[in-house]
Amino acid sequence: MAGAAAEQRRFATVVESWLGRPVLIVGDAMLDEWRFADSDRLCREAPAPVLTLRRRISAAGGAANTAVNVAALGGRAVLVAPVGADVAGDELHDCLDRASVWDRTVNQPGRPTPVKRRMLAGNQILLREDSGDPEDALDHDGVSRLLTALSCATEELRAAAGGEAPTLVVCDYGLGALPAPVRAWLVENRQRYATVALDAHDLADWRGLAPTVVTPSFAEATRLLARAGGTTRPTGGTELHLEHPDGDPVDGPSEMTVGAAPGAVRADDTAAELTRADRPGPLGEPTPGEGRVALTGDGLSVTGTGVTVNTRAGEGVDRAVLARSRLAELRAHTGADVVAVTLDTEGAVVGGADGEPRRSHSTPVPASHAVGAGDAYLAAMTLALAADAPLPTAAQLAQLAATITVSDTGTCVCRRDDLLAALDQPTETTSHPALVSGDELDAIVAEYREAGRSVVFTNGCFDVLHRGHVRYLEQARALGDLLIVAVNSDGSVRRLKGPDRPVNPVEDRGALLAALACVDHVVVFEEDSPAALIEAVRPDVYVKGGDYPPELVPEAPLVRRLGGQVRTLGYVPDRSTSAIIERIRSHSQDPSPHTNDREPDPSLRTRTQAS
């Protein structure tokens, strides 16, 4: 028991060490839409259920969900991806905002945001509708703007991390976000990133990237080996034999069959077995641009256009055994230091340069519970390796992150506190109140400094709290371990804003700020400038809202003299306290009796999302 507790503490130390680590995620971002319905009868037109929609949930998917998981686990996540100028794109931006992901997506008019819409009844997925097509290619201007966003986001992360090279995660799911020029740029600029993780449906497209880790599914690993060819590999007395035809067909990838070595199970016998009428049909997802590559229902084979893998190589030979036997080849073909072959609810097989395979296990769950679990696995594996964790530790943490997210239907997100709780470690709590005095703040900051935590500081009037404030504060909190918000007193606001301000007294303003999850402590100051508080706190990062360079922030010289960084975060368009107050006043003064007949102010419209 003592050994297990010590191991959990070691794991928790790794989770703590990756807090705030800069990670750039690039690739195919999409929106996951979940529609929950009730059904108690069939329609007359066909034997199909009649559904009554009860609830709708939207979540980030694909590369966007990987970014959400990185942020939820405590990393500093920046997403670069093409997103359509449509309703789905707007909802995806909202998902990223709520998750405190730095949204550096590139608007692509005329190219729809990919969406996966699932309809459920009784928590059973009845159907899924996909929109978004790899044929919706980025035009030349779109590629150029994506490359600019990549370069700028890389330097932004480097600056935020004090010159430290960021980590890169590439999510290529074949939906057109990473065309050849973007892949070439990433390969050419590989040296700008310390750790590189690759999750791609087609690993052959990424030769030359030299990733730190790749995380193919069993089917994706199979496809790569099929194209590359292979040799026989012994595995504990049972040989897995790879047959590879002499020539590739002109219309697709070559055919591969994996089965027992000659003399054990004949290829023609196996084929007959696999085509028996009583055997379940293929399950899984087709790969865009290729035919279906799917795992058969008995878990014994993977079939697809140009690829057939049969693992009926004697009793006891399963996907994990097959994956373990080919780890060295997969590392050679991908150029990766680490290969983690994921096996859905069967866990994963992981191999590194030492040639020692590592097996992790998961808990079987319904398919509707596991959507996005691979994103959680990828995020945790990447953060752990970026934090220089040993490979066995990284593999176990990644599997644990994926496993604890699958307790319910929906897109999986693993949060740092949940991961620490699964390790039986206390999550960050404080005995200090959120609203504190200046003297109390000195003691709190000293306590955090002693623990090696970084302090983020911002200030403002926060008179009428709105969405722009919340997004700004969430982004500020992501820059460090502790966010302190200094709020102007009522007298200070009057001197700065005029005699009719503040609208809300400081007691209300402070209470609202303290109620936000992203805010750790709130302190009130009487002066017109927060300079005295900055001197006392000596923040690691000082944050102001605005679309101007940090050099123009009045407090910048003081903060830098004290050894801190200055960051400016952009405002949310059409969201400001002054504008809200002005709209309220104009509406209250409008004498028109037909107020409700007017076209509403576009800035007042909100995107609707049931929950």
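Note that the coordinates shown come from a computational prediction; the quantities given were computed from them, not determined experimentally.
- In this structure, the side chains of Val23 and Leu168 stay at 4.5 Å or more apart for every pair of heavy atoms.
- A donor-acceptor pair under 3.5 Å links the side-chain atoms of Asn69 to the main chain of Cys412, judged by distance alone.
- The shortest distance between side-chain heavy atoms of Leu186 and Trp206 falls below 4.5 Å.
- For the pair Ser131 and Arg117, the minimum side-chain heavy-atom distance is below 4.5 Å.
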Original post:
Would His93 and Thr105 count as a side chain to side chain contact (heavy atoms under 4.5 Å, CB included) if you check the C-alpha gap in whole Å, the side-chain angles of each, and the deciding distance to 0.1 Å?
Top reply: CA-CA 9 Å; His93 291 307; Thr105 56; 3.0 Å; yes

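- Salt-bridge formation is not detected for the pair Glu555/Lys544: no Lys NZ or Arg NE/NH1/NH2 atom is positioned less than 4.0 Å from an Asp or Glu carboxylate oxygen.
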**OP:** Kindly indicate, with the supporting measurements, whether the criterion side-chain hydrogen bond (donor to acceptor under 3.5 Å, both in side chains) is fulfilled by Trp34 and Thr411.
**Re:** CA-CA 9 Å; Trp34 298 81; Thr411 303; 3.0 Å; yes

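- We find that Arg183 and Glu188 are not joined by a salt bridge, their nearest charged nitrogen and carboxylate oxygen being 4.0 Å or further apart.
- Checked against side chain to side chain donor-acceptor pair (under 3.5 Å), Trp185 has no partners two or more places apart in sequence or in another chain.
- The closest donor-acceptor contact from the side chain of Thr458 to the backbone of Val543 lies under 3.5 Å.
- Inspection of the Asp86 and Thr113 side chains reveals an N or O donor paired with an N or O acceptor under 3.5 Å.
- Looking at heavy atoms from C-beta onward, Leu397 lies in side-chain contact with Val14 at the 4.5 angstrom threshold.
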Subject >> Pair Asp520-Arg477, side chain to side chain contact (heavy atoms under 4.5 Å, CB included): steps then yes or no >> reply: CA-CA 9 Å; Asp520 294 288; Arg477 178 61 176 81; 3.0 Å; yes

**OP:** Dump the intermediate steps for side chain to side chain contact (heavy atoms under 4.5 Å, CB included) on Cys171 and Val169, then the final yes or no.
**Re:** CA-CA 7 Å; Cys171 301; Val169 180; 3.9 Å; yes

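- To the nearest 0.5 angstrom, Gln396 atom CD is 9.5 Å from Met381 atom CE.
- Leu178 CG to Tyr173 OH: the interatomic distance, rounded to the nearest 0.5 Å, is 10.0 Å.
- Ring-plane geometry between Phe457 and Tyr542 is classed as parallel, the angle between the planes falling under 30 degrees on a 0 to 90 degree scale with a further cut at 60.
- For the pair Arg55 and Phe36, the cation-pi criterion (under 6.0 Å, within 45° of the ring axis) is fulfilled.
- Sequence neighbours left out, the pairs with a member in residues 141-153 that pass salt bridge (charged side-chain N to carboxylate O under 4.0 Å, His left out) are Asp141-Arg145.
- In this structure Asp28 satisfies the salt bridge (charged side-chain N to carboxylate O under 4.0 Å, His left out) test with no other residue, sequence neighbours excluded.
- To the nearest 0.5 Å, atom OG1 of residue Thr167 and atom CZ of residue Arg76 are 12.0 Å apart.
- Judged by distance alone, with hydrogens and angles left aside, the side-chain atoms of Thr148 form a donor-acceptor pair with the main-chain N or O of Ser144 at under 3.5 Å.
- Atoms CG and CG, on Asp172 and Asp199 in that order, are 9.0 Å from each other to the nearest 0.5 Å.
- Each of Arg56, Lys116, Arg118 was scored for a salt bridge (Lys or Arg N to Asp or Glu O under 4.0 Å) with Asp32, with one residue passing: Arg118.
- Side chains of Thr212 and Tyr193: a donor-acceptor N/O pair is absent below 3.5 angstrom, by distance only.
- Val559 places none of its side-chain heavy atoms less than 4.5 Å from the side chain of Gln565.
- Rounded to the nearest 0.5 Å, atoms CG (Leu479) and CG (Leu483) are 9.0 Å apart.
- Applying the side chain to side chain donor-acceptor pair (under 3.5 Å) rule to Arg158 yields no partners; only residues at least two apart in sequence or on another chain are considered.
- Side chain of Thr393 to backbone of Ala389: no donor-acceptor contact under 3.5 angstrom is found.
- Checked by atom type and distance alone, the side chain of Asp540 pairs as donor or acceptor with a backbone atom of Val455 at under 3.5 Å.
- Under the rule for a side chain to side chain donor-acceptor pair (under 3.5 Å), the partners of Arg35 that lie at least two apart in sequence or sit in another chain are Glu33.
- Within the 4.5 Å cutoff, side-chain heavy atoms of Leu24 are placed close to those of Leu150.
- Between the side chain of Ser454 and the main chain of Asp481, a donor-acceptor pair closer than 3.5 Å is present.
- With a 4.5 Å cut-off on side-chain heavy atoms, Arg358 and Leu391 count as touching.
- The side chain to side chain donor-acceptor pair (under 3.5 Å) check on Asp337 picks up nothing, with sequence neighbours excluded.
- The side-chain heavy atoms of Arg509 and Asp463, taken from C-beta on, include a pair separated by under 4.5 Å.
- Contact check on Arg98 versus Glu474 returns no salt bridge, with no Lys/Arg side-chain nitrogen under 4.0 Å from an Asp/Glu carboxylate oxygen.
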Subject >> CA sep, side-chain torsions, deciding dist, call: Met30, Val115, side chain to side chain contact (heavy atoms under 4.5 Å, CB included) >> reply: CA-CA 6 Å; Met30 61 192 74; Val115 181; over 6 Å; no

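- Between Asp418 and Arg416 no salt bridge is recorded (no basic side-chain N to carboxylate O distance below 4.0 Å).
- Atoms CG and CG, on Leu92 and Leu79 in that order, are 7.5 Å from each other to the nearest 0.5 Å.
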